[in-house]
Amino acid sequence: MAQWTRMISAWVFLVGTILGALVLARDLPDRIAASWRGVAAALPVIIVAAALVAVIIVVLDRSHAQVRSAWGLAFLWGAVGACGIALQINGFASDAVLDVLDDPGATTWSAALIGPLDEETIKGAGVALLLVMYRDRLHRPLQVFAVGAFAGLGFQVVENISYAATFALRDAQSDVTGALTVSILRTLFGFQSHWVYTGLFAVGLILLRSRSVFGVVGIALAYLLHFWWNAPSGENPGVILLLILLKCLVTVSVLAGVWVWMVFDQRRWLSSAIASPAAAQLAPPQELATLPTRALRRNAEQYMRFYYGPAVADVTRQRQQWLLRELTYRAG
């Protein structure tokens, strides 16, 4: 990994995070202090939901070359840098939309017009910086999806806290009721939001350099899914519920389709990578041939377990993980 102190991208990442932190420090503390009971009640719901999403992201990363420090920095960017900068830009953009549209139009469409454009761009910019900072480790779509997803998750967590504070103050009956209601609803119906969008955006970024059409599609999906989610659904409660469920189904379906494609793409890449000169420096051909699929790796491990015992099987599994990681870094 390159020395970050010499990288412009690392300094831009740091400056962006600091700017976001300054905006959040200016705007959030007073709102949370005014509704602290509601936020305190909603916080366990927000944390549990975030933990479940984090588990899903980890499970989806089948690259076997996870870069956990990149996950942490991505989460930090989403929660602090992207959230703060987007909060500031959203304020300016909302004023601009109010100047262009009449009041009903601005109220109905401002979230759909503003949110996807600036939020996805800002989250994606942070991911792009991380791709430069970790350019010697992040090569495969599965890896990059996880980084983008953690950036989106960080944004999602802080946004949920902000919503909890806002709706706690709006509820005429109880701060706790308002905060809990919006947090539970966002957990049930919005669990598939920002982390999916930014994950798709990240995959698009990594594909731009090799398969530009797929890259554009990935980035466009992030914007379009976010726009559709924010678009108004009318005033009929039944129609609103049906549209929300449809939006959730479409987003999850897109995620499933992209993930299946990434898994098969990973297998195709492994099948070619094991024949590369970089692979020949790591292991003999017979061992490399066991890597492309999970079934092949498990068969090799079971063979070692049957003939040589559990200890050798454990070493075989660890070596497979090491080979997959090194192949990704060297031949990805």
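Computed from a predicted structure; not experimentally measured.
- Counting non-hydrogen atoms of other residues, nucleotides and ligands closer than 6.0 Å to OH of Tyr163 gives a total of 12 or fewer.
- Interatomic distance, CG of Leu225 versus NZ of Lys247, reported as 11.0 Å (0.5 Å rounding).
- Using a cut-off of 4.0 Å between Lys/Arg side-chain N and Asp/Glu carboxylate O, Glu301 and Arg297 are scored as not salt-bridged.
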For residues 323-332, which side-chain N or O atoms pair as donor and acceptor with protein atoms under 3.5 Å away, sequence neighbours left out?
from   : atom 1 : to     : atom 2 : distance (Å)
Glu326 : OE1    : Arg330 : NE     : 3.2
Glu326 : OE1    : Arg330 : NH2    : 3.4
Thr328 : OG1    : Leu324 : O      : 2.8

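- Distance alone, capped at 3.5 Å, places no donor-acceptor pair between the Thr181 side chain and the Gly178 backbone.
- Under a hydrophobic-cluster definition in which Ile, Leu, Val, Met, Phe, Trp and Tyr are linked whenever side-chain heavy atoms come within less than 4.5 Å, directly or via other members, Val39 and Leu185 are assigned to the same cluster.
- Remark: Trp322 engages no residue in a ring-ring contact (aromatic ring centres under 6.0 Å, His included) (not counting sequence neighbours).
- Residues Asp314 and Arg305 are in side-chain contact: their nearest non-hydrogen atoms beyond the backbone lie under 4.5 Å apart.
- Side chains of Trp229 and Ile244 form a contact here, defined as non-hydrogen atoms less than 4.5 Å apart.
- Side-chain contact between Tyr134 and Val144 is absent, with no heavy-atom pair separated by less than 4.5 Å.
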Worksheet item: Between Leu245 and Leu249, does a side chain to side chain contact (heavy atoms under 4.5 Å, CB included) hold up when you go through it step by step?
Response: CA-CA 6 Å; Leu245 293 175; Leu249 178 61; over 6 Å; no
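- Proximity of a side-chain donor or acceptor of Ser276 to a complementary backbone N or O of Ala273 within less than 3.5 Å is detected.
- Criterion: ILVMFWY side-chain heavy atoms under 4.5 Å apart, direct or through other members. Under it, Val315 and Met304 are not part of a common hydrophobic cluster.
- Of all the heavy atoms in Ala42 and Leu180, the pair that sits closest is CA-CD2, 4.0 Å.
- For the pair Thr316 and Arg319, the minimum side-chain heavy-atom distance is 4.5 Å or more.
- Applying the ring-ring contact (aromatic ring centres under 6.0 Å, His included) rule to Tyr307 yields the partners Tyr303; only residues at least two apart in sequence or on another chain are considered.
- Residues Ile85 and Val23 have side chains not in contact (no heavy-atom distance under 4.5 Å, counting atoms from C-beta outward).
- The CZ atom of Phe155 sits 7.5 Å away from the CD1 atom of Ile122 when rounded to the nearest 0.5 Å.
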Do any side-chain atoms of residues 55-62 form donor-acceptor pairs under 3.5 angstrom with protein atoms, and if so which ones, sequence neighbours left out?
from  : atom 1 : to    : atom 2 : distance (Å)
Asp61 : OD1    : Ser63 : N      : 3.1
Asp61 : OD1    : Ser63 : OG     : 2.7

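- A side-chain donor-acceptor contact under 3.5 Å links Gln143 to the backbone of Arg137.
- Atom CZ of Arg268 is surrounded by more than 12 heavy atoms from other residues, nucleotides or ligands within 6.0 Å.
- A single hydrophobic cluster is not seen to contain both Leu246 and Leu242; linkage of ILVMFWY side chains at heavy-atom distances under 4.5 Å, directly or through other members, places them apart.
- Taking hydrophobic clusters as Ile, Leu, Val, Met, Phe, Trp and Tyr residues chained together by side-chain heavy-atom distances below 4.5 Å, Leu138 shares a cluster with Ile219.
- Side-chain contact between Arg140 and Asp265 is present, with at least one heavy-atom pair separated by less than 4.5 Å.
- To the nearest 0.5 Å, the span separating NE2 on His226 from OG1 on Thr251 amounts to 10.5 Å.
- Taking 4.5 Å as the limit, every side-chain heavy atom of Val127 sits out of range of all side-chain heavy atoms of Trp77.
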Worksheet item: For Leu28 and Ser162, what are the C-alpha separation, side-chain angles and deciding distance, and is it a side chain to side chain contact (heavy atoms under 4.5 Å, CB included)?
Response: CA-CA 7 Å; Leu28 276 186; Ser162 176; 4.2 Å; yes
Worksheet item: When you look at Leu117 and Phe227, which way does the side chain to side chain contact (heavy atoms under 4.5 Å, CB included) test go after all the steps?
Response: CA-CA 8 Å; Leu117 186 60; Phe227 171 81; over 6 Å; no
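- To the nearest 0.5 Å, the span separating CZ on Arg186 from CG on Asn160 amounts to 4.5 Å.
- For Thr187 against Val45, the heavy-atom pair with the smallest separation is OG1-CG1, 3.6 Å.
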Side-chain atoms of residues 197-206: list all donor-acceptor pairs with protein atoms under 3.5 Å, sequence neighbours left out, distances to 0.1 Å.
from   : atom 1 : to     : atom 2 : distance (Å)
Thr198 : OG1    : Lys123 : NZ     : 3.0
Thr198 : OG1    : His194 : O      : 3.0

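- Counting heavy atoms from C-beta outward, Gln88 and Arg26 have side chains that approach closer than 4.5 Å.
- Residues satisfying the ring-ring contact (aromatic ring centres under 6.0 Å, His included) criterion with Trp71, sequence neighbours excluded, are Phe150.
- No chain of hydrophobic side-chain contacts below 4.5 Å, direct or via other Ile, Leu, Val, Met, Phe, Trp or Tyr residues, connects Val12 to Ile18.
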